Amino acid sequence: MKPADLLIINANLLTLAGANRPRGGEEMKELCLIEDGALAVRGDRVLAAGTTVEIQRSYPEAGEIIDAHGNLVMPGFVDCHTHTVFAGKRSGEMEQRLKGVTYLEILKSGGGIHSTVKATRGATPEELYHLGFDRLDRMVEHGTTTVEIKSGYGLDEKTEEKMLDVINRLSREHPMDIVATYLGAHTIPRDIDRSEYMKWLGGDSLKRFRGKAEFFDIFCEDGAFTAEETKLLLKAAKKTGFGLKVHAGQFNDLGATKDAALLGAISADHLERISDEQLSLMADKGTIGVLMPGVPFFLQSDVYPDAGRFRKAGTPFALATDFNPGSCPSYSMQMMITLGAFFCGMEISEAITAATINAAWAIGRGNEVGSLEAGKKADVVILDITTPEEIAYYFGANLVQLTMKEGKVLYQRPELRTTN
Ligand code: NIG
Ligand code: FE
């Protein structure tokens, strides 16, 4: 048996071990809790999970031991939908919205995404890199160890490329695992004719950016792209070799999820509004629903995605922050678990599955991260609580004591006691 470098002992350990595929229906409630559990780590990988007695007996020589003192230990969060690279902020829009102006009204009048596009076009790659790096550090403090990042605040060749280059540099230089998504189809820029932009999106841009992003994403919505445009661009992106994602059903269900599922999209995201027909099609085709309750919360909407309907249809769902300057500037997957439980009808266990293993599958990383099983990455968080439901109970607090990425401690609160 290979020796371990490190043990985490005396944990209430959630491994999320189970079927090697996205979990749907009742399966999402199974967290695989090991009471008085322990984890053995070698290099960047998990060697074994078991009880503290078993693990200490099997790996007596481990150089370092972290004593979790009975606290909750679980896989690092996977934030599978974010817009982390951008310049500027939009807190002024939040104040407008608090006075009753809506998100779509702000977008249509040239604010919203357009205002972030302006700021991002004006920023240097170096500035964007440092902004992105700092935000990723904050996410690590909140327990996130893998993140997807989209372009989409350039809406021209130069700036989309600048964003993708920054995302790829962050992927090389920040310890977080980063998955890049090309979102030139975020909305139609105000300085180009619609048909001209569509032509570039479906043609040259795909070829140019194929080597810089794994997924292609599009915002299908009133004020952004129609269902027909979405179908056209998804088809072209698929042909070029991109994996597919859509922003759909946020304010209006234009039906794009149907085409996305039929084209084999890995995920459809938002889905506050979605028909039963599309929901079961997603289950059939293996398209995961990425639910982002931070968005309706921050936009003060009454309409949240309904996890109960996903459960009933057997459609696997994931959770994400959608971190962005307009509709959800939150770094916290813990907060998303709270909101998922309070507003989307998720059980806490389902929300935890959604924030870890199912989120990993939603970005094609289910074999590597999202659960603590032999051979997977040693991406671990220790929380300042003993039971899963306390994540939602202490809402709004950052409960993270320690974040470990690939066997290395990236963040640790001073009060955590380490022996040896
Ligand atoms: O996922 N829905 C469209 N795009 C983002 C918001 C982007 C923005 O407002 O800057 C989202 O919510
Ligand atoms: Fe988004």
Side-chain angles (χ1 to χ4, degrees), residues 79-94 96-97 101-121 123 128 131 135 147-155 159-160 163 167 179-190 213 215-225 230 244-254 256-257 260 265-273 288-301 303-305 318-331 336 339 359 362-363:
D79 196 346
C80 62
H81 178 141
T82 84
H83 307 250
T84 301
V85 171
F86 60 85
K89 60 171 182 256
R90 309 216 306 260
S91 48
E93 286 180 10
M94 176 190 72
Q96 278 181 272
R97 280 202 317 278
V101 189
T102 70
Y103 178 87
L104 284 182
E105 282 164 359
I106 294 170
L107 177 65
K108 286 179 183 170
S109 69
I113 294 172
H114 300 293
S115 97
T116 304
V117 167
K118 192 162 171 241
T120 306
R121 285 182 180 175
L128 286 176
L131 287 165
R135 290 174 190 140
V147 67
E148 183 257 16
I149 308 180
K150 302 172 196 298
S151 68
Y153 290 122
L155 310 186
T159 320
E160 285 298 313
M163 290 189 73
I167 295 167
V179 173
T181 295
Y182 168 48
L183 179 61
H186 203 176
T187 191
I188 307 279
R190 287 167 76 81
F215 295 104
F216 173 89
D217 194 352
I218 177 162
F219 185 22
C220 180
E221 185 56 71
D222 185 20
F225 293 87
T230 302
L244 304 180
K245 290 180 164 279
V246 276
H247 283 66
Q250 182 179 1
F251 303 107
N252 301 282
D253 178 13
L254 304 183
T257 301
I266 194 163
S267 74
D269 303 27
H270 284 290
L271 308 184
E272 281 82 341
R273 286 127 181 126
I288 299 171
V290 174
L291 312 187
M292 301 182 288
V295 175
F297 178 76
F298 190 68
L299 299 183
Q300 295 177 280
S301 160
V303 186
Y304 281 79
L319 264 172
T321 59
D322 196 11
F323 180 82
N324 76 74
S327 65
C328 190
S330 169
Y331 303 106
M336 300 310 129
L339 297 177
I363 48 174

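Whatever order the structure lists ligands and atoms in, that order sets their numbers, starting from 1. In this text the structure is predicted, and so the values were computed from the model without any measurement.
- Protein N/O/S atoms closer than 2.8 Å to the Fe ion (ligand 2), listed by chain and residue number, are H81 NE2, H83 NE2, H247 NE2, D322 OD1.
- For the residue pair H247 / H81, a side-chain donor-acceptor distance below 3.5 Å is found, with atom types taken as modelled.
- Per-residue contacts place H83 under 4.0 angstrom from the following atoms of ligand 1 (heavy atoms of the residue considered): 1 (O), 5 (C), 11 (C).
- The contact set between ligand 1 and Y103, taken as ligand atoms under 4.0 Å from a residue heavy atom, comprises 6 (C), 7 (C), 8 (C), 9 (O).
- Put simply, the side chain of R97 never gets that close to the backbone of Q300: no donor and acceptor are under 3.5 Å apart.
- The protein heavy atom nearest to atom 1 (O) of ligand 1 is D322 OD2, 2.6 Å.
- At the shortest separation from atom 4 (N) of ligand 1 among protein heavy atoms lies H186 NE2, 2.8 Å.
- Here atom 7 (C) of ligand 1 lies nearest to Y153 when heavy atoms of F298, F86, F323, Y153 are compared.
- Of the possible donor and acceptor atoms, none in the side chain of N252 sits under 3.5 Å from a partner among the backbone N and O of L254.
- A heavy-atom distance below 4.5 Å is not found between the side chains of P189 and H114.
- Judged purely by distance below 3.5 Å, without hydrogens or angles, the side chains of S327 and N324 pair a donor atom with an acceptor atom.
- For the ligand labelled ligand 1, residue H270 lies inside the 4.0 Å heavy-atom shell.
- Of the possible donor and acceptor atoms, none in the side chain of D79 sits under 3.5 Å from a partner among the backbone N and O of A320.
- Side chain of S301 to main chain of V303: a donor-acceptor pair is present (N/O by atom type, distance under 3.5 Å, no hydrogens or angles).
- In summary, the atoms of ligand 1 found under 4.0 Å from a heavy atom of H81, numbered by their order in the structure, are 1 (O).
- The aromatic rings of H186 and H83 sit parallel, their planes meeting at an angle under 30°, below the 60° perpendicular limit.
- Between T116 and ligand 1 there is no heavy-atom distance shorter than 4.0 Å.
- Donor-acceptor pairing under 3.5 Å is lacking for the side chains of D217 and T181.
- Residues L319 and P293 are in side-chain contact: their nearest non-hydrogen atoms beyond the backbone lie under 4.5 Å apart.
- Proximity to G326 (heavy-atom distance under 4.0 Å) selects the following atoms of ligand 1: 9 (O).
- Using modelled atom types, one side-chain atom of E160 and one backbone atom of L155 make a donor-acceptor pair closer than 3.5 Å.
- Those atoms of ligand 1 with a heavy atom of I113 less than 4.0 angstrom away are 7 (C), 8 (C), 9 (O), 10 (O).
- Atoms of ligand 1 lying under 4.0 Å from at least one heavy atom of S327, given by number and element, are 6 (C), 11 (C), 12 (O).
- Ligand 1 is never approached by M292 to a heavy-atom distance shorter than 4.0 Å.
- Side-chain contact check for V179 versus V147: every heavy-atom pair is 4.5 Å or farther apart.
- Protein heavy atom nearest atom 2 (N) of ligand 1, with residue, atom name and distance: Q250 OE1, 2.9 Å.
- Close approach to N324 involves these atoms of ligand 1, each under 4.0 Å from a residue heavy atom: 6 (C), 7 (C), 8 (C), 9 (O), 10 (O), 11 (C), 12 (O).
- With ring centers used as reference points, F297 lies 6.0 Å or more from Y304.
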